[in-house]
Amino acid sequence: MNIRVSTEQDKQDIFQLHRDTFEKDEAEAVAQLTLDLLEDNTALPLLSLVAEQDGEIIGHILFSSASVEGTDIGQGYILAPLAVQSNHQGRGIGTALIHKGLETLKARHACFVLVLGDPKYYSRVGFTAGHGISPAYELAYPQAWMALELKKDALKNIKGKVQCARSLSPAQFW
Ligand SMILES: CC(C)(COP(=O)(O)OP(=O)(O)OC[C@H]1O[C@@H](n2cnc3c(N)ncnc32)[C@H](O)[C@@H]1OP(=O)(O)O)[C@@H](O)C(=O)NCCC(=O)NCCS
């Protein structure tokens with residue numbers, strides 16, 4: 001399995017991967033969101049990585065730009081979405097995509113990464129809730145809104161509302 005930055009030619013495979021992998025009620029919307037983010041100027045800078053095996057894309061992760069209103073905190077990112085093809089799940093590919101993403105963003109001197117996801121899954125790689133960045137909308141399950149500092153104490157004393165890409169702004173994604 002190889003992890004690399006995605007290209008224009010991968011877009012259709014990435015769309016298909018998300019459509020096949022997410023739950024039926026959200027799959028189409030997540031797949032479309034992914035394509036939208038890949039073409040959204042307000043999502044820049046972004047990082048899109050694919051996991052590839054035998055020429056097939058079996059995993060994808062996307063990080064898009066995020067900042068915090070009213071602060072001069074440096075560049076941040078939101079991790080969304082992440083998917084691994086069902087017949088390749090449970091083999092560490094999702095974790096490898098996250099680690100490669102975090103390592104790449106750290107090398108770009110990014111400050112923090114946010115995610116809205118399963119606390120059990122994301123806490124394994126260092127994300128925690130209870131930080132000072134508020135989500136775009138009130139959440140039914142606030143513990144799912146987590147952050148990870150890429151620079152020591154980047155989020156210390158930071159309070160404010162997240163500012164994310166236009167494509168990620170609709171309430172349905174929160
Ligand atoms: C969530 C997902 C990306 C994980 O990818 P993966 O390659 O199977 O994950 P890994 O193999 O790296 O990690 C597996 C570990 O995470 C756990 N895990 C996997 N999915 C989980 C979930 N949704 N909630 C909690 N734990 C989960 C497994 O039990 C396993 O734990 P272990 O290492 O202690 O045995 C994959 O299941 C997926 O694509 N799901 C559908 C899309 C989705 O829901 N994405 C959510 C992110 S936006």
Side-chain angles (χ1 to χ4, degrees), residues 1-6 10-40 43 45-66 76-106 110 112-131 133 135-148 150 162 164-174:
M1 191 270 298
N2 174 45
I3 296 179
R4 61 167 173 81
V5 169
S6 74
D10 296 324
K11 276 187 180 168
Q12 196 48 43
D13 290 344
I14 290 172
F15 178 81
Q16 203 62 45
L17 169 72
H18 289 291
R19 204 162 61 169
D20 293 346
T21 309
F22 273 84
E23 297 288 338
K24 280 209 161 43
D25 60 340
E26 57 177 356
E28 191 73 35
V30 174
Q32 188 56 50
L33 166 67
T34 310
L35 288 193
D36 291 347
L37 279 169
L38 287 170
E39 284 168 14
D40 183 346
L46 61 72
L47 176 65
S48 171
L49 299 174
V50 289
E52 191 177 41
Q53 188 170 291
D54 302 326
E56 189 189 3
I57 287 178
I58 57 171
H60 177 245
I61 191 166
L62 190 60
F63 298 85
S64 57
S65 179
Y77 290 83
I78 294 189
L79 188 177
L82 164 65
V84 173
Q85 216 181 72
S86 358
N87 52 339
H88 291 280
Q89 288 177 6
R91 296 187 198 161
I93 296 169
T95 307
L97 280 164
I98 297 171
H99 279 139
K100 181 70 181 175
L102 297 178
E103 184 188 302
T104 308
L105 297 179
K106 214 169 179 172
F112 66 96
V113 180
L114 296 160
V115 72
L116 181 61
D118 188 319
K120 270 196 283 181
Y121 189 68
Y122 289 103
S123 63
R124 295 162 65 250
V125 288
F127 285 88
T128 53
H131 52 87
I133 307 177
Y137 300 88
E138 201 171 320
L139 300 172
Y141 189 41
Q143 290 301 106
W145 178 235
M146 294 164 279
L148 181 145
L150 293 174
V162 68
C164 61
R166 196 179 303 124
S167 313
L168 254 183
S169 299
Q172 72 179 117
F173 298 121
W174 293 81

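Atoms within a ligand are numbered from 1 in the order they appear, just like the ligands themselves. Values reported hereafter were calculated over all heavy atoms of this structure, with side chains retained and with hydrogens, waters and symmetry mates removed.
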Residues pairing under salt bridge (Lys or Arg N to Asp or Glu O under 4.0 Å) where one sits in residues 20-34, two or more places apart or in two chains, turn out to be Arg19-Glu28
Of the non-hydrogen atoms in Thr21 and Val84, which two are nearest, and what is the gap between them?
-> CG2-O, 3.2 Å
Minimum side-chain heavy-atom gap Leu62-Pro81 below 4.5 Å = yes
Fit a plane to each ring of Trp174 and Tyr137, take the angle between them on a 0 to 90° scale, and name the class: parallel (under 30°), tilted (30 to 60°) or perpendicular (over 60°).
-> tilted
Who's touching ligand 1 if we go heavy atoms under 4.0 Å?
-> Thr21, Phe22, Leu82, Ala83, Val84, Gln89, Gly90, Arg91, Gly92, Ile93, Gly94, Thr95, Asp118, Tyr121, Tyr122, Arg124
If you round to the nearest 0.5 Å, how far is CZ of Phe112 from CG of Leu150?
-> 9.5 Å
Got a second to check how far Leu47's CG is from Tyr77's OH, nearest 0.5 Å?
-> 7.0 Å
